[in-house]
Structures are given as structure tokens and as C-alpha cells.
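Note: hydrogens, waters and symmetry copies are ignored here, and every other heavy atom, side chains too, is used.
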Amino acid sequence: MSCVDIRGCRIGEGRPKVILPIVERAEAAILEKAAQFSTLQADCVEWRVDHFDDARTPGAVARCLAKLRVALKDKLLLVTIRTKAEGGELALRHTEYTDLLHTILDTDCADLIDIEFFPAGDDLPALIGDAHTAGAAVVCSSHDFHKTPPRAKLVNRMVAMQQAGADLPKVAVMPQSRTDVLELLAATAEMADLHPETPVITMSMGTLGAVSRLAGEAFGSAMTFANPGQASAPGQVSLNIVNEVLDALHL
């Protein structure tokens, strides 16, 4: 599998890289969490902009992002606007979404930026190109909080993300059965074996899917989210357990 090398962190090589989400609403609380997370055993911090009280104010987003970059020191920074359509907090029109993405890119603070596959629509390749011009790697994401699509559909979706230029295709799906978890893991393994042009990030959500967050190295998922005290999605496992299990399962 290819690697994405950012700040000396080789995503796609070795054990999955651990991401901690910041979901606080006020700038002071966001920066307090960032200072705390900068000392923890994790590789990356995700700022969920959609939880920010001033997410619709470009200047406030830019100012908070600049302070966040400093507070995190050498930790990777993933910046995410999770829209309502994908299970997030912000209901945004297409132009509002793309404008906010460009506000983030203009700061030159994001190491990685999340661009949603379906909300981006036909603009996806251009948005990815803009991110690369700004020096940010792209996590192209798709979420299904109701079901797990068939393996072939998941693979086709991630391949389409690769073809649009994404550095890290990501899918998160909700299982309704144990077979659904296996379907997600099979799609992950197929991407790693047959489409290794990029690393991928995959997860089966909820308690039933929690195993998928811990078995990434064996099946081919390059990053995983851990719960540092407040989860940003159902099924996130606590940071201490994630690190212990990832070390135990290291190949």
C-alpha cells in the first residue's frame, strides 16, 4: 500500500495512525483540548469545525485554526466540516460548504482536510486540486449511519475517490448484523490488495463494529479514531485501549 508522508508520519505504514477528535464549541475549550491532546499518544487531531459555535463566520474559523495549529505542536491536524447530510452538525448549501473549505485551505494550517464525497459532487476533483495546491492532503469521506452497503459498492466508492485524486479514501458505515462488519472488512482488504494506490480509512460504527477500529493493520485501514473522553461518532474506543490493542495486534 502507498503511504502518505506528512510531518514524518507515514500513514499507511505500520500500525494504524490514531486520530483524536475535538468537538468542543467555544474557542477557549477547543484550544484547551488541543494543548491536552498535544501530549497524548496519538498521531493526529481532528478539529470538527461543524461543532464550533462560530463555524459560519470565516474570520473566526481562520483565527481559531491558526491558534489550534500552534497549540498542537507537531501533531497532524485534520480539519473536518461534517455536514448534516453526513451525520454532522451543519446544514450547508453546496456553495456554503465549498466556501468554508476554501476558508480553511487559505489559512495553510491544515495538514489534512476532509472533503465529503457526495456533498462535493462534481466539484470534487477541483476541490482536491485546490487542497493539494494549498499543501493539504485530502481525506475523502462517505458516511452511512443507517446501513452497510455491499462490499462491491464500498470498493467502487473508494476507487472513485482515488480516481478523483484523494489521498485517503474513507468510508464509515453502520452494521445491522455481524455479517455487515465482515462486509466492511472485506471491502477494506480488497482495497489494500487490489487498489493499493492510496491508503484507506474504514470503520464499521457502533458497538458491533468496534472491532473494525482495532483491526486496521490486519485488514488494511491506515487510520483509526479514538475516544479521548468525548466521542465524535458511535463506537469509538477509548485511547488507552486503542493503543494497547494496536500494539498487541501489530504485524
* Please determine, by modelled atom types, if T198 and Q162 share a side-chain donor-acceptor pair under 3.5 angstrom. => yes
* Asked: Going by atom types only, do T188 and T202 share a side-chain donor-acceptor pair under 3.5 Å?
  -> yes
[atom1]-[atom2] distance between [X] and [Y], expressed to the nearest 0.5 angstrom:
{"X": "L68", "Y": "I22", "atom1": "CG", "atom2": "CD1", "value": "5.0 Å"}
{"X": "E13", "Y": "C3", "atom1": "CD", "atom2": "SG", "value": "4.5 Å"}
{"X": "L20", "Y": "N227", "atom1": "CG", "atom2": "CG", "value": "9.0 Å"}
{"X": "I128", "Y": "C140", "atom1": "CD1", "atom2": "SG", "value": "5.0 Å"}

Please name the pair of heavy atoms, one in [X] and one in [Y], separated by the smallest distance, quoted to 0.1 Å.
{"X": "C109", "Y": "A66", "result": "SG-CA, 3.8 Å"}
{"X": "V173", "Y": "P149", "result": "CG1-CD, 3.7 Å"}
{"X": "P21", "Y": "Q236", "result": "CG-OE1, 3.8 Å"}
{"X": "P119", "Y": "H94", "result": "O-ND1, 3.1 Å"}
{"X": "A26", "Y": "D53", "result": "N-OD2, 4.1 Å"}
{"X": "D74", "Y": "R7", "result": "O-CD, 3.8 Å"}

* Asked: According to the salt bridge (charged side-chain N to carboxylate O under 4.0 Å, His left out) rule, which pairs have a member within residues 176-194, sequence neighbours left out?
  -> R151-E190
* All pairs passing salt bridge (charged side-chain N to carboxylate O under 4.0 Å, His left out) where residues 240-251 contributes a residue, at least two apart -> R15-D247
Solution key, residues 33-40 side-chain donor-acceptor pairs under 3.5 Å, sequence neighbours excluded:
| unit_1 | atom_1 | unit_2 | atom_2 | d |
| --- | --- | --- | --- | --- |
| S38 | OG | A35 | O | 2.7 |
| T39 | OG1 | Q36 | O | 2.8 |

* Asked: side chain to side chain donor-acceptor pair (under 3.5 Å) between D114 and S141: does it pass, once the steps are laid out?
  -> CA-CA 7 Å; D114 184 293; S141 63; 2.9 Å; yes
Side chains of [X] and [Y]: closer than 4.5 Å at any heavy-atom pair?
{"X": "L77", "Y": "K75", "answer": "no"}
{"X": "S221", "Y": "M203", "answer": "no"}
{"X": "L78", "Y": "I113", "answer": "no"}
{"X": "P175", "Y": "L184", "answer": "no"}
{"X": "M223", "Y": "K17", "answer": "yes"}
{"X": "L76", "Y": "I11", "answer": "yes"}
{"X": "H132", "Y": "D167", "answer": "yes"}
{"X": "L65", "Y": "I104", "answer": "yes"}

Mark yes or no for whether [X], through its side chain, and [Y], through its backbone, hold a donor-acceptor pair below 3.5 Å.
{"X": "E96", "Y": "R93", "answer": "yes"}
{"X": "D54", "Y": "T57", "answer": "no"}
{"X": "Y97", "Y": "A91", "answer": "no"}
{"X": "E86", "Y": "H143", "answer": "yes"}
{"X": "N243", "Y": "Q41", "answer": "yes"}
{"X": "T103", "Y": "D99", "answer": "yes"}

According to a hydrophobic-cluster definition based on side-chain heavy atoms being under 4.5 Å apart (Ile, Leu, Val, Met, Phe, Trp, Tyr only), do [X] and [Y] belong together?
{"X": "L249", "Y": "F219", "result": "yes"}
{"X": "I115", "Y": "F52", "result": "yes"}
{"X": "L72", "Y": "V18", "result": "yes"}
{"X": "L168", "Y": "V45", "result": "no"}
{"X": "V61", "Y": "V23", "result": "no"}

* Asked: Can L112 and V138 be said to form a side chain to side chain contact (heavy atoms under 4.5 Å, CB included), step by step?
  -> CA-CA 6 Å; L112 305 105; V138 174; over 6 Å; no
* Test log, rule side chain to side chain donor-acceptor pair (under 3.5 Å), inputs H51 and E24 -> CA-CA 6 Å; H51 283 266; E24 274 62 35; over 6 Å; no
* side chain to side chain donor-acceptor pair (under 3.5 Å) evaluation trace for T148 with Q176 -> CA-CA 7 Å; T148 298; Q176 301 298 330; over 6 Å; no
* Pairs meeting criterion side chain to side chain donor-acceptor pair (under 3.5 Å) with involvement of residues 59-69, two or more places apart -> E27-K67, R69-D111
* Step-by-step side chain to side chain contact (heavy atoms under 4.5 Å, CB included) determination, T83 to L90 -> CA-CA 5 Å; T83 64; L90 277 181; 5.7 Å; no
* For E89, which residues count as a salt bridge (charged side-chain N to carboxylate O under 4.0 Å, His left out) partner, sequence neighbours excluded? -> R25
* Partners meeting salt bridge (charged side-chain N to carboxylate O under 4.0 Å, His left out) with R157 (sequence neighbours left out) -> none
* D50/R82 salt bridge by N-O under 4.0 Å criterion -> no
* Asked: For H250 and E217, what are the C-alpha separation, side-chain angles and deciding distance, and is it a side chain to side chain contact (heavy atoms under 4.5 Å, CB included)?
  -> CA-CA 7 Å; H250 181 48; E217 189 172 357; 3.0 Å; yes
* Given D144 and M174, is the side chain to side chain contact (heavy atoms under 4.5 Å, CB included) satisfied, shown in steps? -> CA-CA 6 Å; D144 192 325; M174 186 64 73; 5.6 Å; no
